[in-house]
Every structure is written in structure tokens, then in C-alpha cells.
Amino acid sequence: MKNIMTATVIALSTATLAQADGTELFQQLDANNDQAISLEEAQASEALVAQFEQLDANKDGLINAAEFTQLVKG
């Protein structure tokens, strides 16, 4: 599981994360700036789409910043 999450972070961005918690990457993926990544926005990364349901801990159909932080922390 850790390897999948690590691969996802690498696949999501070729740039170095500016902050350890992935805030900059989250903001890039949150195209409409609503403080959440929808499944539509997640389409930017096949790896994120593949893990979307797992990351959506509260099952609201969105990945919020706290849920995304879990991905970055591994």
C-alpha cells in the first residue's frame, strides 16, 4: 500500500512538493478552488483515480485536504 501511495505522489507531480503536507499539489489538483478534489478533477492522475474511493474516507465523493494529506504522508 505504501508503494502505491508513493507511486501516486510521484505520478501526480514531476515537481518537488513545496510543502511536506502536499498543500501545493492539492491546490493544483483542486481546479475549481472549492477546497476538495472531485473525481472529475482527479482525472489528472490515473493513480489518484485508482485510489479515489480509498482516500475518500468520509465517502462524500470528494477528497478534502485532510484526506489528501494521508496520501502524501503514506
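Since this is a predicted model, take the numbers as computed values, not measurements.
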- prompt: Got a sec, which residues hit side chain to side chain contact (heavy atoms under 4.5 Å, CB included) with Asn58, two or more places apart in sequence or on another chain?
  reply: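 Scan of Asn58 (side chain to side chain contact (heavy atoms under 4.5 Å, CB included), adjacent residues dropped) gives Asp56, Asp60, Asn64, Glu67.
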- request: Output all residues satisfying side chain to side chain contact (heavy atoms under 4.5 Å, CB included) with Gln27, sequence neighbours left out; order by chain, then residue number.
  value: Thr23
- prompt: Taking all non-hydrogen atoms of both residues, which atom of Lys59 and which atom of Glu53 are closest, and how far apart?
  reply: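 Nearest pair, atom of Lys59 first, then Glu53: NZ-O, 2.6 Å.
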field: Where Ala42 and Ile37 come nearest, the two heavy atoms and their spacing
entry: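 Residues Ala42 and Ile37, closest heavy atoms: N-CG2, 3.8 Å.
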message: According to ring-ring contact (aromatic ring centres under 6.0 Å, His included), does anything in residues 25-56 pair up with another residue at least two apart or in another chain? List the pairs.
response: Phe26-Phe68
message: In the structure I gave you, are the side-chain heavy atoms of Leu55 and Leu48 within less than 4.5 Å of one another anywhere?
response: yes
query: Any side-chain heavy atom of Leu29 within less than 4.5 Å of one from Ile63?
result: no
message: Heavy-atom count check: over 12 atoms from other residues, nucleotides or ligands less than 6.0 Å from Gln43 CD?
response: yes
